[in-house]
Colleague: 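Right, I'll just put the structure down here and ask away after.
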Amino acid sequence: MAAPATEMDLTEARISDLTLPKGGWSEAARTDALARLRQTGLPQRRDEYWKFTRPDMLTQAGAQAAVFEHSEAPIFGAMDVLRIVFDDGVFNPDVSDALAMEHVSIERLADTDADIHWAKGVYGVLETAGQTPVARPLAALNTAFASDGVLIHVTGKAPKPISLVYNHGKETSDAILHHVIKIEAGAELTILENGPAAARFNKVMEVDVADGAFFHHVRAQGRDHERLAATHIFARLGTESTFKSFTLTVNGRMTRNDCVIELTGDDAIAHVAGACVGDGDFHHDDTVFVTHDAERCESRQVFKKVLRNGAVGVFQGKILVKAGAQKTDGYQISQSLLLDEDAQFLAKPELEIYADDVVCSHGSTSGAIDDEALFYLRSRGVPESIATDLLTLAFLAEAVEEIEDEALREVVVDRLEGWLERHRS
Amino acid sequence: MLTIKNLHVKLEEEDKQILKGVDLTVEAGKVHAIMGPNGSGKSTLSYVLSGREGYEVTDGTAHLGDVDLLDMEPEERAAAGLFLAFQYPVEIPGVGNMTFLRTAVNAQRKARGEEEMSAAEFLKVVRARAKELQIDADMLKRPVNVGFSGGEKKRNEILQMAMLEPKMCILDETDSGLDVDAMKLVATGVNALRDAGRGFLVITHYQRLLDHIKPDVVHIMADGRIVKTGGPELALEVENNGYADILAEVA
Ligand SMILES: Nc1ncnc2c1ncn2[C@@H]1O[C@H](COP(=O)(O)OP(=O)(O)OP(=O)(O)O)[C@@H](O)[C@H]1O
Ligand SMILES: [Mg+2]
């Protein structure tokens, strides 16, 4: 069924702003994606997974102006990484490292125009799979119109993380990036991402994790109050593979992070976690969909949000266990700490299970700082502000602990501490 | 050291008077014990002194040395030298015991304009004190009081007291839930801190603790007042005869 007329007008208005890149291996995928987008239309408030988040700022033609405040140094700046920098969504070779590393091939999406390329088997493919049962039109738009991004092929253990740095400079930049990552059997890669990217940012990352392969992902979204972002991760996991993704979000008027994971091989592990802190004009939406389609897989969703002063947090998380996915171990927790009465947390946890021998649990809570604990700390001489910060970090700990690497965990905690200190009441 | 005069306290939320005129003075270098029936207001007194919310002081005063306690935030009272070992120590998931202790020690030092303790020095001191209380390294690493047994929680309170070196220590039923050996350990910890500049107020139901921590003065609290004050023999009397005689005598 085609989308109604008004929705089509909106979609066409958005599309008319953009140009569809022609030629090369990705052309067919882009044309198909455009057709998918036209089929569903851009998201509307009445769509089931957009009830809590207004899509209009993300879908309208043209980005609203957003001024970047250069207040903090980039988060992973001091680490030993291979840096790939995008300025307002455009690859900047001058400040990027050479796109070369042992066991890893890295190419720029915009540079590959051959007719045959390994990425053809992934680009738009995982995204298409992730469109059912829930349509993700902003991702289809991305596949069709992405103007830049990287194609990363990993055949062994990468010697160091790849750090994708997204700088934002122009006031109305409207960036569409699409990355494709393919990790071959037994190989391993860590991807770091940070930076506000653009006034409006639409990003898709498709990750194909083959049998026995590892993918680690740590992302920091922050620093910029006014930016808007809609991001998607689509991951497909092979037998005995591991996928671990953590996102830190501080600031940002609007962030919608979709993560769609399909466990297709037996004994695979997928952990996706997020910690976010929001003050004032802040809307953060985590929408997660994990499909178990193999035996003995483990999935964890751990999302924690600290909200104050009118900030809004949304969590929509689903575990779908298909028939035959026996011995599934699924866990999902979403919690908010509301630091005042103006903050709001909206959660929609879902389980859908078609196998009989599974263990799945989910929980969602909203609470305030524990007065007893606060008094206990204060009675030992800890000032109220510091005690509140300690308890807030403690609340976030379960999510932050999902980061395996200690050094990465520490920089994330540092960021959180800094933010809390700056946002004391 | 601690001077409480005519202290009247009611609950903030309901119209219930709990302390009905407490008068009590603990001198530096002395150990005072408070005994009294359940619900007589002993814990309430200790909470009001340390600044917990939910109570309203309707009359009276409480001073630590020259400073008016009732005007201060809980953390200011702590920095001024007041310490309460809780009857029910609070579990704080996610906050490491070490982080907590170090934050507390350094926050107090900072508030008093003293130099903060370095990480290395702190570690050295805390390990030594923990060892005396037979608190193992694993307990120090765990979140505050989480998964601690009743006795471990109480020993952890004494460890905090030993690290913070307060002037005035209030111990609210630190002996309850302790086995005989743990009680001796706690008593040794407390006795090690006894000195001429420090006062103790030990709330207990049992004479047993007072065999190990010898009090100078014993008070009996009933229905929100100190109804009788005497020497260590008063505790023995309670142990042997209960409160009935004493309460009848003062009624
Ligand atoms: N927050 C509160 N809400 C309701 N009642 C309270 C509160 N705090 C204290 N009380 C009441 O005040 C009285 C004194 O309580 P408190 O805990 O001070 O007694 P206690 O002497 O320490 O008793 P115990 O020996 O059992 O520890 C009790 O009747 C108790 O129920
Ligand atoms: Mg009590």
Side-chain angles (χ1 to χ4, degrees), chain A residues 246 248 273-277 302-306 333-337 339 363 365 367-403 406 409-410 412-414 416-418 420-421 424-425, chain B residues 46-55 69 72-112 114 143-146 153 156-157 159-161 163-166 169-170 172:
Chain A
F246 172 86
L248 166 72
C276 93
V277 286
V302 182
F303 287 86
K304 302 268 187 158
K305 301 184 198 302
V306 175
I333 183 95
S334 66
Q335 296 182 306
S336 74
L337 177 63
L339 293 179
T365 64
I369 287 277
D370 176 356
D371 285 339
E372 291 285 318
L374 188 65
F375 173 64
Y376 190 70
L377 293 170
R378 295 179 72 191
S379 78
R380 298 308 184 236
V382 182
E384 186 174 12
S385 56
I386 296 176
T388 304
D389 288 1
L390 274 176
L391 294 173
T392 304
L393 286 171
F395 165 79
L396 293 168
E398 188 187 357
V400 175
E401 277 157 17
E402 286 290 326
I403 305 171
E406 199 178 327
R409 207 164 50 228
E410 268 169 29
V412 165
V413 170
D414 275 358
L416 284 167
E417 281 173 351
L420 290 171
E421 216 177 303
R424 282 175 183 162
S425 42
Chain B
S46 67
Y47 283 143
V48 169
L49 292 175
S50 44
R52 182 162 137 152
E53 280 175 19
Y55 304 102
L69 281 177
M72 299 160 89
E73 297 295 333
E75 55 268 35
E76 293 171 333
R77 302 180 196 206
L82 187 75
F83 180 90
L84 167 64
F86 282 54
Q87 180 172 0
Y88 304 108
V90 181
E91 297 188 8
I92 312 184
V95 177
N97 215 9
M98 279 289 223
T99 309
F100 160 59
L101 269 172
R102 198 153 91 85
T103 308
V105 167
N106 282 334
Q108 289 203 13
R109 288 186 168 217
K110 200 171 158 200
R112 293 194 291 259
E114 297 164 12
V144 179
N145 293 326
V146 176
K153 283 182 184 167
N156 201 28
E157 295 289 289
L159 174 66
Q160 293 167 34
M161 186 167 89
M163 291 303 298
L164 294 167
E165 301 182 329
C169 309
I170 304 174
D172 191 0

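Labels below follow one simple rule: chain letters A, B, ... track the order of the sequence lines, proteins then strands, and each chain is numbered from 1. Since this is a predicted model, take the numbers as computed values, not measurements. Note: hydrogens, waters and symmetry copies are ignored here, and every other heavy atom, side chains too, is used.
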Colleague: Checking the side chain of B/Glu75 only, and the main-chain atoms of A/Glu384 only, is there a donor and an acceptor separated by less than 3.5 Å?
Modeller: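 Yes; at least one donor-acceptor contact below 3.5 Å.
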Colleague: Please check if the distance between the ring centroids of A/Phe375 and B/Phe86 is under 6.0 Å.
Modeller: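 Yes: the rings meet the under 6.0 Å criterion.
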Colleague: Donor-acceptor pair, distance only, cut-off 3.5 Å: does the side chain of B/Arg77 make one with the backbone of A/Gly381?
Modeller: no
Colleague: Could you tell me which non-hydrogen atom of A/Val382 sits nearest to which non-hydrogen atom of B/Ala104, and how far apart they are?
Modeller: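 Shortest heavy-atom contact: CG2-CA, 3.8 Å.
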Colleague: Between B/Glu91 and A/Glu372, is the side chain to side chain contact (heavy atoms under 4.5 Å, CB included) condition met? List the steps.
Modeller: CA-CA 9 Å; B/Glu91 297 188 8; A/Glu372 291 285 318; over 6 Å; no
Colleague: Checking B/Asn145 against chain A: side chain, backbone, both or neither under 4.5 Å from a heavy atom?
Modeller: side chain
Colleague: How many angstroms lie between atom CZ of A/Arg380 and atom OG1 of B/Thr103, to the nearest 0.5 angstrom?
Modeller: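 Here the interatomic distance stands at 13.5 Å.
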Colleague: Which bit of B/Pro89 is near chain A, if near means a heavy-atom gap under 4.5 Å: side chain, backbone, both or neither?
Modeller: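 Both parts, backbone and side chain.
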Colleague: With rounding to the nearest 0.5 angstrom, report the CZ to CG distance, B/Arg52 to A/Leu374.
Modeller: 12.0 Å
Colleague: Answer with side chain, backbone, both or neither: which region of B/Val144 has an atom nearer than 4.5 Å to a non-hydrogen atom of chain A?
Modeller: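 Side chain only.
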Colleague: Checking A/Leu390 against chain B: side chain, backbone, both or neither under 4.5 Å from a heavy atom?
Modeller: both
Colleague: Do A/Arg378 and B/Glu76 sit within salt-bridge range, that is, some charged N less than 4.0 Å from a carboxylate O?
Modeller: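 No, this pair does not count.
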Colleague: Of the non-hydrogen atoms in A/Leu377 and B/Phe100, which two are nearest, and what is the gap between them?
Modeller: CD2-CD1, 3.2 Å
Colleague: Would you give the length of the straight line joining atom CG of B/Leu49 to atom OG of A/Ser379, rounded to the nearest 0.5 angstrom?
Modeller: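 Taking CG in B/Leu49 and OG in A/Ser379, the distance rounds to 12.5 Å.
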